[in-house]
Amino acid sequence: MLSEQHIAKIEELKKRYPRPQPVILAALWMWQEEHGWISKEGIVEVARLLGLPEYHVYGVVSFYTMFNTRPVGRHKIEVCTNVSCMLRNSDRILDHIRTTLNVGTGETTPDGRFTLVEAECLGSCGTAPMMQVGDEYYENLDEAKVDAILSSLK
Amino acid sequence: MMMEPLILPPVPGLRSIDVYEAHGGYGMLRKALAMKPEEVTDEVKKSGLRGRGGACFPTGLKWTFMPKQTDKQKYLCINGDESEPGTFKDRQIFEFNPHLLIEGALIAAYAMGVGTVYLYIRGEYNRWIAMVQKALDEAYGRGYCGESILGSGFSTSITIHRGAGAYICGEESSLMNSIEGERGYPRVKPPFPAQFGLWGCPTTINNVETIANVPVILRLGWEAYSRIGHPKHPGPILVGVSGHVNKPGVFELPTGVLLTEIIEKYAGGVTGNKKIKAVIPGGSSTMILRGEAIEGVTMDAEGLKAAGSSVGTAGMIVMDEDTDLVRVLTRIAGFYHHESCGQCTPCREGTGWMHKILKRFETGAATMADLNLLLEVANNIEGNTICALGDAAAWPVQSMIKRFPEEFAKRVMPTAPQGGGAAGASARGATESASAVGATSGTTLSPAHS
Ligand SMILES: Cc1cc2nc3c(=O)[nH]c(=O)nc-3n(C[C@H](O)[C@H](O)[C@H](O)COP(=O)(O)O)c2cc1C
Ligand code: SF4
Ligand code: FES
């Protein structure tokens with residue numbers, strides 16, 4: 001289920017487009033915000049709210065990388081490893097997080113606190129290396145900074 | 001060269017509408033509303049503004065493609081997908097001057113008779129989306145947006161459409177599919193968006209920075225604007241510099257500025273005072289240049305074309321003499337492989353092949369035959385796909401092979417059979433013409449200073 005506020009927001013957004021289908025990304029975002037990932041239940045609910053077939057919603061979910069199709073940790077850490085970050089040692093940052101948390105990329109810590117993934121360019125090339133956790137960008141990273149950030153994320 | 005910054009003026013608190021208005025903000029919307037729509041388009045046309053989204057297409061001309069007489073809705077999509085590696089400029093507009101973007105959007109909408117504007121922003125930029133949304137709410141609150149703007153009778157809405165992580169959605173037809181709530185597959189062109197865009201209606205797609213230039217043109221007048229920077233590609237341009245420089249960042253500069261000046265004067269020079277091995281001038285899709293070849297080259301469509309590359313997004317990536325370019329190219333190839341939407345066989349298969357072959361070079365498991373194969377695959381993609389992602393994937397590979405053959409020669413297996421000796425030692429001959437190397441004859445290599 002989606003919260004009443006979100007359902008009201010979806011109804012508002014529908015007015016911004018000539019048909020309901022364009023609200024699909026926004027609705028999926030709302031579901032992910034509430035539940036952390038897009039489950040089968042989420043797909044069914046979004047399809048119902050927008051009057052779309054479930055396979056269509058499923059197709060959209062699978063097209064975009066930011067929708068989690070499985071549960072993830074409370075904090076999803078995305079380390080950019082694209083060129084500008086690579087030139088400023090993003091591999092060291094990634095390795096440091098891997099060893100500190102004892103997880104591989106794509107994995108979640110056993111306590112469900114962190115999921116670690118590699119990301120493509122996040123538009124922070126001038127403040128590389130960087131990582132994104134949730135909506136937050138952490139930039140100009142070094143090992144000490146990473147340690148401080150990780151311990152602040154409960 | 002340049003007077004004061006026009007897109008990102010250093011005014012504290014400019015993100016708030018009060019400060020923006022105190023500095024003359026929304027005055028150009030008033031001015032535009034007092035003009036005829038086609039006069040506004042004409043002003044933009046004469047200013048010489050060219051799109052900042054990658055292709056440098058003349059903006060005013062693009063606007064004239066929109067039909068004047070039509071019973072259909074007309075749309076403007078503003079492209080803030082900003083996902084090209086090395087590019088981080090539109091984000092500065094969202095953060096430091098969102099009202100300039102909104103004012104530009106309103107003026108553009110008025111000029112084209114557009115009643116609905118969608119501002120597409122990449123999903124990762126959620127914090128910046130919040131900033132722009134706040135500015136947008138303020139603009140609605142003061143009657144700049146919505147029904148009968150400032151009593152003019154002209155109405156338009158602006159809606160932020162948040163993406164969800166897909167580089168391809170920055171391609172204009174894919175962006176429209178994404179807005180429509182489809183998967184973001186690029187469409188075959190023609191038909192072009194001005195005839196058959198969103199929901200089959202006339203649509204224009206412009207980059208965020210392009211639209212932010214519009215109020216500036218009205219403020220200065222087209223003539224003064226056209227005198228900024230390079231005459232054939234005028235105006236202020238947001239140049240992003242990343243990689244091995246002391247002070248990476250986004251710098252607002254007049255077009256036509258020397259690449260060497262950007263690196264030395266604005267980006268604080270190369271870290272550790274090293275030499276520059278290579279520069280990617282405008283985001284990962286643009287052709288790589290040798291460090292010694294950037295001397296005298298300027299940041300504008302003409303200058304970079306003459307140098308054998310392009311402006312792209314003006315996101316420069318600087319690489320020092322110790323950079324492992326094979327590793328750089330492998331990473332870039334991995335990116336395009338990951339981001340290919342898979343619709344066209346040459347792109348879907350080719351990007352995977354290129355990545356795989358390059359990984360062989362990276363690990364020292366490649367032979368010289370692999371270099372031929374790599375180039376052949378790249379040449380096969382270029383020009384044979386639905387959208388320009390295919391070309392964007394091919395260009396870095398083609399230009400790297402052409403301009404840095406020695407980087408590959410160093411990396412082939414020492415035992416690789418080579419006409420007359422070990423691969424490294426046998427590096428000779430020329431590879432100036434990238435297509436010539438596509439032939440299956442034995443590749444011979446030497447540094448080509450192009
Ligand atoms: C794969 C690909 C990705 C693109 N990504 C962007 C982008 O993130 N932002 C952008 O403005 N243009 C992007 N473009 C270019 C757009 O298709 C389009 O040309 C541009 O938005 C037009 O705006 P302009 O005329 O103002 O430059 C991309 C093109 C391709 C082929
Ligand atoms: S060129 Fe690549 S990204 Fe573009 S439509 Fe074809 S497969 Fe998709
Ligand atoms: S390359 Fe890492 S943010 Fe752009």
Side-chain angles (χ1 to χ4, degrees), chain A residues 12-13 15-30 32-33 38 46 50 52 56-68 78 80-91 118-130 132 134-137 139-140, chain B residues 73 82-91 116 118 122-128 130 157 159 161-169 178-185 198-199 201 240-244 247-250 267 280 284 315 317-320 323 327-328 331-332 334-335 338-339 341:
Chain A
E12 266 316 295
L13 273 173
K15 296 180 195 152
R16 296 291 188 135
Y17 301 89
R19 52 191 78 163
Q21 181 173 312
V23 186
I24 191 165
L25 292 185
L28 288 167
W29 275 123
M30 290 174 205
Q32 184 154 302
E33 194 188 311
I38 314 280
V46 169
L50 301 179
L52 297 168
H56 180 85
V57 180
Y58 178 78
V60 168
V61 170
S62 61
F63 188 86
Y64 297 91
T65 57
M66 289 184 78
F67 293 130
N68 302 318
E78 312 198 42
C80 172
T81 59
N82 213 306
V83 182
S84 304
C85 285
M86 188 181 105
L87 294 172
R88 295 178 88 93
N89 303 317
S90 54
D91 50 347
E118 257 186 81
E120 295 297 359
C121 176
L122 290 165
S124 228
C125 328
T127 39
M130 66 81 65
Q132 176 168 23
D135 284 348
E136 214 50 52
Y137 273 36
E139 308 177 288
N140 295 311
Chain B
Q73 267 281 356
E82 184 147 271
S83 307
E84 166 99 349
T87 312
F88 48 107
K89 61 176 182 88
D90 295 337
R91 184 184 140 185
T116 308
Y118 296 115
R122 69 180 295 181
E124 293 87 347
Y125 280 179
N126 210 26
R127 275 184 54 214
W128 289 270
S157 68
T159 303
H161 195 97
R162 183 185 179 192
Y167 167 64
I168 192 60
C169 288
S178 183
I179 291 177
E180 289 186 11
E182 299 287 335
R183 282 178 287 178
Y185 288 124
L198 272 179
W199 301 288
C201 298
V241 190
S242 63
H244 296 139
K247 288 193 289 172
V250 170
I280 295 174
S284 62
I317 306 172
V318 179
M319 289 160 272
D320 72 21
T323 309
R327 195 170 160 232
V328 166
R331 186 62 188 84
I332 292 177
F335 169 74
H338 182 248
E339 300 299 330
C341 83

Subject >> Under 4.5 Å from any heavy atom of chain A - which part of B:Ile317 >> reply: side chain
Subject >> Minimum-distance pair of heavy atoms, taken over all atoms of B:Ser242 and A:Gly126 >> reply: CB-N, 4.3 Å
**OP:** State, to 0.1 Å, how close A:Pro22 and B:Trp199 come at their nearest heavy-atom pair, and which atoms those are.
**Re:** CG-CZ2, 3.4 Å
Subject >> Portion of B:Ile280 that has a non-hydrogen atom of chain A nearer than 4.5 angstrom >> reply: neither
Original post:
Is any side-chain heavy atom of A:Cys121 less than 4.5 Å from a side-chain heavy atom of B:Phe335?
Top reply: no
Subject >> Donor-acceptor contact present, side-chain B:Arg331 to main-chain A:Met86, <3.5 Å >> reply: no
Original post:
Looking at B:Arg127, B:Arg162, B:Glu182, which makes the most heavy-atom pairs under 4.5 Å with chain A?
Top reply: B:Arg162
**OP:** May I ask you to decide if the ring planes of A:Tyr17 and B:His161 are parallel, tilted or perpendicular, using 30° and 60° as cut-offs?
**Re:** perpendicular
Subject >> Test item: B:Ser157 and A:Arg16 side chains (from C-beta on) under 4.5 Å apart, heavy atoms >> reply: yes
**OP:** State, to 0.1 Å, how close A:Ser84 and B:Gly86 come at their nearest heavy-atom pair, and which atoms those are.
**Re:** OG-CA, 3.9 Å
Subject >> Options A:Glu136, A:Gln21, A:Gln32, ranked by heavy-atom pairs under 4.5 Å with chain B, top entry >> reply: A:Gln21
Original post:
Is it true that A:Asp91 and B:Arg327 have a side-chain N and a carboxylate O under 4.0 angstrom from each other?
Top reply: yes
Subject >> Residue part contacting chain A, namely of B:Glu180, when any heavy atom lies under 4.5 Å >> reply: backbone
Original post:
For chain A, which of B:Lys89, B:Arg122, B:Glu84, B:Gln73 has the most heavy-atom pairs under 4.5 Å?
Top reply: B:Arg122
Original post:
Checking B:Thr87 against chain A: side chain, backbone, both or neither under 4.5 Å from a heavy atom?
Top reply: backbone
Original post:
Is chain B contacted by the side chain of A:Leu122, its backbone, both, or neither, given a heavy-atom distance below 4.5 Å?
Top reply: both
**OP:** Before giving the answer on side-chain contact (heavy atoms from CB on, under 4.5 Å), spell out for B:Ser178 and A:Phe63 the whole-Å C-alpha distance, their side-chain angles and the decisive distance to 0.1 Å.
**Re:** CA-CA 10 Å; B:Ser178 183; A:Phe63 188 86; over 6 Å; no
Original post:
Does any heavy atom of chain A fall under 4.5 Å from the side chain of B:Val250, the backbone, both, or neither of them?
Top reply: neither
Original post:
Between A:Ser124 and B:Arg91, is any side-chain donor less than 3.5 angstrom from a side-chain acceptor?
Top reply: yes
Subject >> Under 4.5 Å from any heavy atom of chain A - which part of B:Tyr167 >> reply: neither
Original post:
For A:Tyr64 and B:Gly184, which heavy atoms make the closest approach, and how far apart are they?
Top reply: OH-N, 3.7 Å
Subject >> Region of A:Ile24 that comes under 4.5 Å of a non-hydrogen atom in chain B >> reply: side chain
Original post:
Where on B:Val328 is there a heavy atom nearer than 4.5 Å to chain A: the side chain, the backbone, both, or neither?
Top reply: both
Subject >> Distance-minimising heavy-atom pair for B:Ala164 and A:Trp29 >> reply: CA-CZ2, 3.7 Å
Original post:
Checking heavy atoms, do the side chain of B:Glu339, its backbone, both or neither come under 4.5 Å from chain A?
Top reply: side chain
Original post:
In Å, rounded to the nearest 0.5 Å, how long is the span from CD of A:Glu139 to CZ of B:Phe88?
Top reply: 10.0 Å
Subject >> Closest-packed option against chain A by number of heavy-atom pairs under 4.5 Å, given B:Ser284, B:Gly163, B:Gly240 >> reply: B:Gly163
**OP:** For chain B, find which of A:Val61, A:Leu28, A:Thr81, A:Val57 contributes the most heavy-atom pairs closer than 4.5 angstrom.
**Re:** A:Thr81
Original post:
So, does B:Glu82 use its side chain to make a donor-acceptor pair with the main chain of A:Gly123 at under 3.5 Å?
Top reply: no
Original post:
From B:Asn126 CG over to A:Gln132 CD, what is the distance, rounded to the nearest 0.5 angstrom?
Top reply: 8.5 Å
Subject >> Greatest number of heavy atom pairs closer than 4.5 Å to chain B - which of A:Thr127, A:Val23, A:Asn82 >> reply: A:Asn82
